[in-house]
Enquirer: 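Provided herewith is a single structure, encoded as structure tokens, for subsequent inquiry.
Chain identifiers are assigned alphabetically (A, B, ...) following the order of the sequence lines, protein sequences preceding nucleic acid strands; residue numbering begins at 1 within each chain.
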Protein chains: 2
Amino acid sequence: MKAKKLADFELLMLEKSESLKTNQWVYRLLRTNLLCGKIEPGLPLTIRGLAEALDVSPMPVREALHRLACEGAVEVKNNRRVIVPQMTVEKFNELCALRILLESHAAETASPYITEQHITKLQEIDARIDLAIEQEDSVNISLINQEFHRSLYSANPFQISVPLIESVWLQLGPFSQIAIAKLEKTYIVDRHIEAINALKQRNTFALRRAIEADIRDGIASIRSVEGIPGYFEGNTQTQPGG
Amino acid sequence: MKAKKLADFELLMLEKSESLKTNQWVYRLLRTNLLCGKIEPGLPLTIRGLAEALDVSPMPVREALHRLACEGAVEVKNNRRVIVPQMTVEKFNELCALRILLESHAAETASPYITEQHITKLQEIDARIDLAIEQEDSVNISLINQEFHRSLYSANPFQISVPLIESVWLQLGPFSQIAIAKLEKTYIVDRHIEAINALKQRNTFALRRAIEADIRDGIASIRSVEGIPGYFEGNTQTQPGG
DNA sequence: GCGAAAATTATGTGATCACAAAAAATGTTA
DNA sequence: TAACATTTTTTGTGATCACATAATTTTCGC
């Protein structure tokens with residue numbers, strides 16, 4: 001058994017547009033790859049290694065990594081090594097609780113600001129989720145699902161909680177992605193219709209319940225995946241590739 | 001009326017210990033000064049300006065500022081200018097709601113892990129708050145009060161929400177500090193006793209209520225301060241020093 | 001062969017420079 | 001005097017280098 005190196009990983013690439021600063025490009029690229037589970041927990045990330053892999057200078061990587069550390073997406077150890085954190089049962093439960101807490105609040109406070117345009121946009125996003133489910137494209141299921149939630153909460157122009165929620169997603173993401181990838185297509189249920197219906201009826205309470213149900217449903221799906229306990233920290237023997 | 005510059009401000013200094021990295025020292029220093037309201041909202045912060053003021057190279061300031069931006073303590077404008085954000089009524093209300101939401105949850109989940117040692121420590125911290133109130137030391141009232149809450153929540157070894165809560169504090173801090181400084185000593189009530197009693201009785205529900213009451217009380221005090229509406233964005237005419 | 005010590009390499013942090021873009025200051029004209 | 005154009009200064013970003021420390025490899029003694 002050999003320890004995996006950064007070079008062994010095939011990163012999902014993003015095209016770098018002109019106006020985008022290099023550090024932001026690196027940040028988004030790493031962020032997306034972490035959320036997709038492309039970079040597995042425990043893997044040490046080095047500034048120079050990433051800089052070489054992405055063909056940029058170390059400086060923008062340095063800033064991107066610091067930001068990710070600040071958001072809890074990566075963990076800085078005492079020996080200043082940066083790794084993708086392992087998931088534990090307790091952490092998972094706490095992160096799920098925080099998702100429900102923050103997101104049902106965000107949905108509730110966004111509700112009064114929802115316009116017809118918002119609903120149309122959310123329906124369009126939801127259609128794209130269905131497509132991703134149909135194609136069993138687990139990476140896009142996650143990414144577009146987040147887009148749905150973010151769009152909903154951001155309808156509130158005074159929204160503060162989105163960055164906090166995104167931090168929770170980032171900590172939950174790499175792990176849940178592994179689970180989603182293992183889910184059968186038929187087990188993924190689209191609960192967003194209920195949320196959209198609540199929005200149409202301008203029923204704040206129903207919206208809150210729909211979002212809560214959506215999150216709980218996703219968590220239950222993850223928990224139902226065969227062999228998921230093996231992915232928690234300390235159960236390395238059941239992890240694949242070990 | 002002349003726009004204030006960074007050089008006009010007298011920063012609260014922290015001694016730099018040997019093991020502390022420069023960037024962390026700068027970070028903590030800026031963080032403390034922001035929380036104390038030493039740096040007033042709207043003031044543009046520049047890397048070189050701060051580096052000169054603190055007699056360090058621009059690099060550690062750069063990292064510290066980026067981290068503060070990531071935590072919402074400072075705001076990066078479109079023209080990449082970094083300023084201390086202005087407070088608005090809506091933001092204030094939302095931040096207060098998030099405090100209650102997150103902190104009552106954090107208190108509840110920490111409750112089962114509380115030991116006698118924790119209680120003793122919290123009582124010791126609370127005594128220091130009373131001293132700060134007695135001395136009308138508004139900066140220390142804030143800082144030690146935060147220490148109390150952080151200590152309580154951190155009793156849970158699997159606590160995830162503390163960084164999120166600290167982010168809310170940072171966004172609320174500069175503003176509420178202005179209010180606390182204006183409060184008469186007699187109007188500051190120490191509600192922590194109720195929390196400590198709840199802990200002694202191992203009554204999770206009472207603890208939750210005590211923390212909620214403590215936060216609501218603080219907010220009410222801030223709202224009660226004469227002339228506070230003038231500090232919200234858009235009411236510059238009533239702000240002092242203008 | 002094997003463990004400890006020493007040398008070597010890798011890595012994060014901080015400093016300095018170059019550059020493009022944004023702000024501010026200055027000059028110009030009506 | 002006010003409004004616009006031009007120049008100058010300021011500022012953030014990225015690149016490169018130096019340095020201390022942590023990790024790794026090699027060497028040496030038994």
Enquirer: Check the orientation of B:Trp169 and B:Tyr153. Use parallel for under 30°, tilted for 30 to 60°, and perpendicular for over 60°.
Expert: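 Taking B:Tyr153 first and then B:Trp169, their aromatic rings sit tilted (interplane angle of 30° to 60°).
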
Enquirer: List the atom of B:Leu34, the atom of B:Ala73, and the distance in Å for their closest heavy-atom pair.
Expert: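 Result for this residue pair: CD1-CB, 4.0 Å.
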
Enquirer: Between B:Glu52 (CD) and D:dT10 (C1'), how many Å, whole number?
Expert: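 After rounding, the reported distance stands at 12 Å.
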
Enquirer: Between A:Glu71 and A:Ser167, do the side chains contain a donor N or O and an acceptor N or O under 3.5 Å apart?
Expert: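 Side-chain D/A pair, A:Ser167 to A:Glu71: absent.
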
Enquirer: What is the distance, to the nearest angstrom, from the CG atom on A:Leu50 to the C1' atom on C:dG12?
Expert: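 Between C1' of C:dG12 and CG of A:Leu50: 13 Å.
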
Enquirer: Using a cut-off of less than 4.0 Å, is there contact between a side-chain N or O of A:His66 and OP1 or OP2 of C:dT13?
Expert: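 Yes, within the criterion.
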
Enquirer: Tell me every residue that passes ring pair (Phe, Tyr, Trp, His ring centres under 6.0 Å) with A:Tyr27, counting only those two or more places apart in sequence or in another chain.
Expert: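 Ring pair (Phe, Tyr, Trp, His ring centres under 6.0 Å) list for A:Tyr27, sorted by chain: empty.
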
Enquirer: For every nucleotide of nucleotides 14-23 of chain D, 5' to 3': is a protein heavy atom under 4.0 Å from its base (B), only from its sugar-phosphate (S), or from neither (-)?
Expert: BBB-B--BSS

Enquirer: Looking at B:Leu164, is its backbone amide N or carbonyl O close enough to the side chain of B:Ser161 to form a donor-acceptor pair, meaning the two atoms are under 3.5 Å apart?
Expert: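 Not at all, since once roles are kept as given, no pair shorter than 3.5 Å links the two residues.
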
Enquirer: For a quick test of reading the model, state the closest non-hydrogen atom pair linking B:Lys121 to B:Ser151 and the distance between them.
Expert: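 The pair with the smallest heavy-atom distance is NZ-OG, 3.7 Å.
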
Enquirer: Starting at NZ of B:Lys77 and ending at P of C:dA23, how long is that distance when rounded to a whole Å?
Expert: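 Going from NZ in B:Lys77 over to P in C:dA23 covers 11 Å.
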
Enquirer: Where the side chain of A:His66 meets the backbone of A:Arg62, is there a donor-acceptor pair that is under 3.5 Å apart?
Expert: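 At least one qualifying donor-acceptor pair exists.
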
Enquirer: Please give, in whole Å, the distance from C:dA22 P to B:Ile47 CD1?
Expert: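 So the CD1-P distance, B:Ile47 to C:dA22, works out to 16 Å.
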
Enquirer: Name the residue from B:Arg99, B:Arg67, B:Arg150 that meets the salt bridge (Lys or Arg N to Asp or Glu O under 4.0 Å) definition with B:Glu166.
Expert: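 So the option named by the test is B:Arg150.
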
Enquirer: A:Arg67 CZ to D:dT13 P: how many Å, rounded?
Expert: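 In whole Å, D:dT13 P lies 12 Å from A:Arg67 CZ.
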
Enquirer: Heavy atoms within less than 4.0 Å of DNA chain C: which residues of residues 25-34 of chain A have one? Give them sorted by number.
Expert: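 Within this stretch, nothing sits under 4.0 Å of the strand.
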
